[in-house]
Engineer: 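What follows is a structure written as structure tokens; I'll ask about it next.
What you see is a predicted model, and the numbers here were worked out from it, not measured in a lab. Chain A is the first sequence line, chain B the second, and so forth, proteins listed ahead of strands; every chain is numbered from 1.
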Amino acid sequence: MKIYNTLSKRKEEFVPIEEGKVRMYVCGPTVYNLIHIGNARPMIVFDTVRRYMEHKGYQVNYVSNFTDVDDKIIKKAAEEGVDASVISARYIEECKKDMAALNVRPATTHPLATNEIDGMLEMIGTLIQKEYAYPAEDGTVYFRTRRFPEYGKLSHKNLDDLQGGSRSLLVSGEEQKEDSLDFVLWKPKKEGEPYWESPWCKGRPGWHIECSVMSRKYLGEQIDIHAGGEDLVFPHHENEIAQSEAANGKNFANYWMHNAFLNIDNRKMSKSAGNFFTVRDISEKYDLQVLRFFMLSAHYRSPLNFSADLMEAAKNGYERIVTGVSNLDYLAQNVGRSEADEQEKALLVQAEAFITRFDEAMDDDFNTADAISVIFELVKFANTNTGENSSREFAGKLAEEIVRLSDICGLLVRKQAQILDEEIENLIEERKQARKAKDFARADAIRSELLEKGIVLEDTREGVKWKRI
RNA sequence: GGCGCAGUAGCCAAGUGGUAAGGCAAUGGUCUGCAACACCAGUAUCCACCGGUUCAAAUCCGGUCUGCGCCUCCA
């Protein structure tokens, strides 16, 4: 299995620190609002990475934090006149709902920054002791960036370029830094803000130190994979490396994975531009499996454009798989012959090639676009080779195969049997009689009536089928 | 200004040296009372442009154009 590593800028064979196990940390959202569809991309992508790793037999320890103390949370709390913890608790709950709807599995551990303050104080203390950090007069603690010679190794920047770029960006408070590249580990509280006691001042942690501490606590000093959006490469992940490696004296993460951004109508999503969508917004119009399918239909390192038309196309594509499985399930339950014959057995052997190709695609830096195209080919293979003369075993096995591959991508393609209201069932039965009597006007009227209730009827060779839209 | 990414059919998107996967849309056909589903057929002489390397390039090298990202909170 090959993974593109931002550190080396190339694909590398994945070798875990501990055989059979993966330790993986994914930077999670700051919970000050409902998550937006841009937040959803890393969640979906790295959930898929995790699922594939597990499919390959790895035991994955997957940690993803919630940043629950931050300027934006404090601002929102002030607006609503409530405590910051009320805001963060609310949006953590909402985020978990969205994740469930996206079929993103909960992490092994979802640590909260505010529960890990002791660890942060400890790490900051160590950094000061090792002279990698220093407190300023007002109690702010800064990381001494130039003391960490490898600073810039992830983002491939050199310190002097950064120095030049930031010189014009000096803001108030900067003058107490030894160097403009130094970044904050601990900052003093302002009036009305949540705070914790520390040896330096009453205050709260800087953003970067959280992840270094939580990663170490739940996964150990050295981990296999650290992941997040590409915007986190600099400065967040660069700073994490500096903190963790300076404090622990060890290499931090072996593989750094970054997903590219999601754009809306070819522009960066932003509230001010008015092209901002939360996951909840999308869920009002689409099954969120469609959003997941959409995100996985491009490679995670390519920028992905989002638009209404593209979502429609994704919906149609996703439904092709769902319909395929549904047709196979129908055959598997209703067809006469139970055992596969010789010809079908030969076809099942042939179908194994799709599984191999699926794994090859995923082994190549999680090429989900290619992997999904293999699922489509398998669907077509199944559609072409099954019919009312198929055996239950044959249809059933093909259905299982499609469901299994989709499941590795976290895509739910088998719709649960839904219970129909008695009234609807009666209408379907009445329409059946009407069609038998060639009263097509009445049959079409019933179909229209059901359509208004969100029920679509299809008269297939195998009989009348219906689905909710 | 520094660093970096991308440009493949109407749209989306794989493919990084051996002669263009897959999906959506559209077209013709089969099936169907009709519709939907499904199947079959054709659909990029060509991969932004120019030049080079090679027996061979969408794939490597150089240049041009265009779009985008990071360098500042941000997935």
Engineer: Is the backbone N or O of A:Asp182 less than 3.5 Å from a side-chain atom of A:Lys177, with the two atoms forming a donor-acceptor pair by type?
Structural biologist: yes

Engineer: Return yes when atom NZ of A:Lys153 has more than 12 non-hydrogen atoms of other residues, nucleotides or ligands closer than 6.0 Å, and no otherwise.
Structural biologist: yes

Engineer: Side chains of A:Tyr25 and A:Tyr218, heavy atoms from C-beta outward: is any pair under 4.5 Å?
Structural biologist: no

Engineer: Using a cutoff of under 3.5 Å, can you pull out all pairs of nitrogen or oxygen atoms linking the protein to nucleotides 73-75 of chain B, with atom names and distances?
Structural biologist:
unit_1: B:C73; atom_1: O2'; unit_2: A:Lys72; atom_2: NZ; d: 2.9
unit_1: B:C74; atom_1: N3; unit_2: A:Lys268; atom_2: NZ; d: 3.4
unit_1: B:A75; atom_1: O5'; unit_2: A:Asn39; atom_2: OD1; d: 3.2
unit_1: B:A75; atom_1: O4'; unit_2: A:Asn39; atom_2: OD1; d: 3.4
unit_1: B:A75; atom_1: O2'; unit_2: A:Gly229; atom_2: N; d: 2.6
unit_1: B:A75; atom_1: N7; unit_2: A:His36; atom_2: NE2; d: 3.4
unit_1: B:A75; atom_1: N1; unit_2: A:Leu262; atom_2: N; d: 3.0
unit_1: B:A75; atom_1: N3; unit_2: A:Gly38; atom_2: O; d: 3.1

Engineer: Please determine whether salt bridge (Lys or Arg N to Asp or Glu O under 4.0 Å) holds for the pair A:Asp98 and A:Arg280, giving the CA-CA distance in whole Å, both sets of side-chain angles, and the decisive distance to 0.1 Å.
Structural biologist: CA-CA 7 Å; A:Asp98 287 333; A:Arg280 206 56 64 81; 2.8 Å; yes

Engineer: Show the distances under 3.5 angstrom between N or O atoms of the protein and N or O atoms of nucleotides 14-18 of chain B.
Structural biologist:
unit_1: B:A14; atom_1: OP1; unit_2: A:His299; atom_2: N; d: 2.8
unit_1: B:A14; atom_1: O3'; unit_2: A:Asn367; atom_2: ND2; d: 2.9
unit_1: B:A14; atom_1: O2'; unit_2: A:Asp370; atom_2: OD1; d: 2.4
unit_1: B:A14; atom_1: O2'; unit_2: A:Asp370; atom_2: OD2; d: 2.6
unit_1: B:G15; atom_1: OP1; unit_2: A:Asn367; atom_2: ND2; d: 3.0

Engineer: When every nucleotide of nucleotides 33-43 of chain B is labelled 5' to 3' by its protein contacts under 4.0 Å (heavy atoms), B for base, S for sugar-phosphate only, - for none, what sequence of letters results?
Structural biologist: BBBBSSSS---

Engineer: Measure CD1/A:Ile321 against C1'/B:G22 and give the value in whole Å, please.
Structural biologist: 11 Å

Engineer: Find the distance A:Glu377:CD to B:A13:P and express it as a whole number of Å.
Structural biologist: 19 Å

Engineer: Roughly, in whole Å, what's the span from CZ in A:Phe354 to P in B:A21?
Structural biologist: 15 Å

Engineer: May I ask you to decide if A:Gly28's main-chain N or O and A:Asn65's side chain share a donor-acceptor pair within less than 3.5 Å?
Structural biologist: yes

Engineer: Any side-chain heavy-atom pair from A:Asp407 and A:Arg51 closer than 4.5 angstrom?
Structural biologist: yes

Engineer: Salt bridge between A:Glu344 and A:Arg337, side-chain N to carboxylate O under 4.0 Å?
Structural biologist: yes

Engineer: Do the charged groups of A:Glu79 and A:Lys76 touch, with an N to O distance under 4.0 Å?
Structural biologist: no

Engineer: Starting at atom CG of A:Leu304, determine the distance to atom P of B:A6, rounded to an integer number of angstrom.
Structural biologist: 16 Å

Engineer: Please report, rounded to the nearest Å, how far the P atom of B:G10 is from the CG atom of A:Asn316.
Structural biologist: 20 Å

Engineer: Can you measure A:Asp265 atom CG to B:G67 atom C1' for me and round it to whole angstrom units?
Structural biologist: 15 Å

Engineer: Is a side-chain donor-acceptor pair under 3.5 Å present for A:Asp365 with A:Tyr300?
Structural biologist: yes

Engineer: Rounded to the nearest angstrom, tell me the gap between atom NZ in A:Lys157 and atom C1' in B:G4.
Structural biologist: 8 Å

Engineer: Rounded to whole Å, please give me the gap between CG in A:Asp309 and P in B:A25.
Structural biologist: 12 Å

Engineer: If I compare all heavy atoms of A:Pro111 with all of A:Met214, which pair ends up nearest, and what's the gap?
Structural biologist: CB-SD, 3.6 Å

